[in-house]
Amino acid sequence: MSLMNNLSTSMISSSSSAFLAPTSFNARTRSVSVPLKSLNIVKCVSTPQEQQTAYKTKVSRNANIAKLQAGYLFPEVARRRAAHLLKYPNAQVISLGIGDTTEPIPDVITSAMAKKSHALSTLEGYSGYGAEQGEKAVRAALASTFYGNLGIEEDDIFVSDGAKCDISRLQVVFGSNVTMAVQDPSYPAYVDSSVIMGQTGQFQKDVEKYANIEYMRCTPENGFFPDLSTVARTDIIFFCSPNNPTGAAATREQLTQLVQFAKDNGSIIVYDSAYALYMSDENPRSIFEIPGAKEVAIETASFSKYAGFTGVRLGWTVVPKQLLFSDGFPVAKDFNRIVCTCFNGASNISQAGGLACLSPEGLQAMQEVIGFYKENTKIIVETFNSLGFKVYGGQNAPYVWVHFPGRNSWDVFSEILEKTHIVTTPGSGFGPGGEGFIRVSAFGHRENVLEACRRFKQLYN
């Protein structure tokens with residue numbers, strides 16, 4: 001990818017006060033000069049609020065949704081980005097916050113989707129509703145590509161419109177009368193979906209936690225793997241490796257401990273492996289590499305960060321037939337019931353793309369895309385290391401977890417946005433264990449990543 005050669009020479013000084021909230025800025029910070037305009041910039045604008053009406057229905061609001069605190073993390077980040085653009089309409093804002101892919105989908109994949117799309121305009125190629133569980137060819141290809149020697153069969157795999165959607169479908173399967181545990185910090189969809197389902201108590205502001213959730217603290221001191229001897233028994237354990245946001249990947253020994261912990265407690269692990277192909281270390285890429293995992297674990301995954309399918313939408317969830325509820329009923333049968341009730345199956349065009357992803361040429365193309373983002377990650381890690389920060393992640397995931405000791409995460413987010421026009425993600429948005437950290441995403445065009453790192457150096461050098 002060629003670098004941007006001609007950035008605009010128009011400069012602004014952004015040394016004004018903190019964005020949206022008072023902030024005690026670190027003495028190390030500097031004013032940063034940034035280009036006013038550049039390519040590939042999307043401006044968000046706010047829309048007028050609907051006029052309030054005096055009429056109200058007699059339907060009560062869902063009390064569980066009312067428990068949620070503010071907005072979901074990433075729309076809140078986007079809202080603050082939009083407000084910043086209103087304040088600085090000509091600023092070149094670089095987004096390294098929300099983990100959205102930026103590079104084109106490889107041609108070998110889009111060609112397959114285009115072919116399928118055109119076939120739908122012919123009598124011979126048209127197809128309507130497909131199997132809710134996914135096309136047989138896609139399920140078979142997923143089984144052979146990712147689970148070849150692990151005892152996972154194609155009918156254990158449910159193709160979907162993404163891992164995030166399947167997390168909510170799984171929550172419907174589990175219902176409101178279960179207890180759950182999450183890594184702290186962790187992807188916020190686990191906690192928020194649990195709150196919506198009624199699995200939790202009220203939000204406790206003094207500790208920044210919901211009651212009835214077991215927060216498994218993951219810190220640099222414990223290698224971002226929880227001390228399971230201190231974790232209370234829960235029905236469901238959400239676990240992501242490589243982890244979003246910390247970038248940490250669990251070792252084979254650690255996952256063996258986790259599986260045994262689940263067996264000892266009769267729990268079900270929901271294992272999020274959305275970043276498995278980013279793994280550089282020799283760690284398991286699937287929970288089913290661990291003996292006995294099929295009796296206690298579900299795995300969810302996605303093409304989003306492998307092939308740039310964040311907009312195309314295609315993922316899958318593995319529910320082994322060996323996984324049983326306490327009464328002996330297969331979990332997969334209940335999940336199938338929910339899928340058939342709530343979902344009409346993944347797009348046939350998306351599934352054509354997924355099948356192309358799993359071809360030898362598609363797998364090679366995905367590895368090249370992943371390699372590009374991993375190179376971005378290396379650039380970001382080296383930048384923050386050179387500035388003297390403690391940096392975690394980056395080796396096995398497209399996220400860099402940067403420590404700002406003693407600082408409020410939203411204050412750091414605002415400081416960086418106000419002074420450099422770079423969007424990051426505040427660590428506290430991933431749970432109380434993320435306070436004092438920010439997450440920097442490696443999803444970005446190379447020229448934007450290089451420019452962002454230049455601004456980071458100006459600010460903190």
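Computed from a predicted structure; not experimentally measured. Heavy atoms only: backbone and side chains are in, while hydrogens, waters and symmetry mates are out.
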Assess whether ring-ring contact (aromatic ring centres under 6.0 Å, His included) is satisfied between Tyr399 and Tyr275, documenting all intermediate values.
-> CA-CA 10 Å; Tyr399 300 121; Tyr275 302 96; 5.3 Å; yes

Would Phe389 and Phe404 count as a close aromatic pair, with their ring centres under 6.0 Å?
-> yes

Examine the side chains of [X] and [Y] and answer whether a donor and an acceptor come within less than 3.5 Å of each other.
X	Y	value
Thr310	Thr101	yes
Ser304	Lys164	no
Asn64	Lys67	yes
Thr300	Asp272	no
Thr251	Glu253	no
Ser428	Glu208	no
Thr234	Glu214	no

List the steps, then state whether side-chain contact (heavy atoms from CB on, under 4.5 Å) holds for Phe158 with Phe343.
-> CA-CA 11 Å; Phe158 296 78; Phe343 186 51; over 6 Å; no

Is the shortest distance from a Lys or Arg side-chain nitrogen in Asp166 or Arg169 to a carboxylate oxygen in the other one below 4.0 Å?
->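 Yes, charged N to carboxylate O under 4.0 Å.
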
Would you call Glu418 and Lys87 a salt bridge, taking side-chain N to carboxylate O under 4.0 Å as the test?
-> yes

Can you see which heavy atom on [X] is nearest to which on [Y], and at what distance?
X	Y	result
Ile94	Asn448	CD1-O, 3.5 Å
Phe224	Ala248	CB-CB, 3.5 Å
Ala356	Ala112	CB-CB, 3.6 Å
Arg139	Ile157	NE-O, 2.6 Å
Thr424	Arg439	CB-O, 3.7 Å
Leu120	Gly125	CD2-O, 3.8 Å

Neighbour count >12 (heavy atoms, 6.0 Å) for atom CZ, Arg252 |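 More than 12 heavy atoms, drawn from other residues, nucleotides or ligands, come within 6.0 Å of this atom.
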
Would you indicate whether Asn149, at its atom CG, is surrounded by more than 12 heavy atoms from other residues, nucleotides or ligands within a distance under 6.0 Å?
-> no

State, yes or no, whether a side-chain contact exists between [X] and [Y] at a heavy-atom distance under 4.5 Å.
X	Y	answer
Thr383	Lys457	yes
Tyr460	Lys419	no
Pro432	Asp184	yes
Glu103	His445	yes
Leu358	Phe146	yes
Cys218	Asn243	no
Thr425	Pro245	no
Lys305	Tyr278	yes

Atom pair [atom1] ([X]) and [atom2] ([Y]), whose distance is rounded to the nearest 0.5 Å:
X	Y	atom1	atom2	result
Leu355	Ile109	CG	CD1	11.0 Å
Thr256	Ile290	OG1	CD1	4.0 Å
Thr377	Phe443	OG1	CZ	7.5 Å
Leu228	Phe261	CG	CZ	5.5 Å
Phe413	Arg81	CZ	CZ	10.0 Å
Trp410	Glu435	CH2	CD	11.0 Å

Would you confirm whether [X], through its side chain, and [Y], through its main-chain N or O, come within 3.5 Å as a donor-acceptor pair?
X	Y	value
Asn222	Arg217	yes
Ser347	Ser350	yes
Asn461	Gln458	no
Gln183	Cys240	yes
Lys294	Leu150	yes
Ser193	Tyr190	yes
Tyr392	Thr219	no
Glu295	Lys263	no
Glu154	Ala141	no
Ser280	Gln395	yes

Go through the steps for Gln92 and Arg455 under the test side-chain contact (heavy atoms from CB on, under 4.5 Å), then give the verdict.
-> CA-CA 12 Å; Gln92 181 198 355; Arg455 297 183 197 175; 3.0 Å; yes

I would like to know whether Lys321 and Asp156 meet salt bridge (Lys or Arg N to Asp or Glu O under 4.0 Å); could you show each step before the answer?
-> CA-CA 7 Å; Lys321 55 183 64 67; Asp156 295 323; 2.9 Å; yes

Relative to each other, are the rings of Tyr88 and His421 parallel, tilted or perpendicular (30° and 60° limits)?
->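 Ring orientation, 0 to 90° scale: perpendicular.
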
Should Met216 and Ile237 be marked as a side-chain contact (heavy atoms from CB on, under 4.5 Å) after you check the CA-CA gap, both sets of side-chain angles, and the distance that decides it?
-> CA-CA 10 Å; Met216 304 184 295; Ile237 302 169; 3.8 Å; yes

Verify side-chain contact (heavy atoms from CB on, under 4.5 Å) between Tyr147 and Glu299, making sure each step is shown before the conclusion.
-> CA-CA 11 Å; Tyr147 308 101; Glu299 182 166 296; 2.8 Å; yes

Those residues at least two apart in sequence (or on a different chain) that pass side chain to side chain contact (heavy atoms under 4.5 Å, CB included) with Ala249 are Ser241, Pro242, Met279, Asn283, Asn396

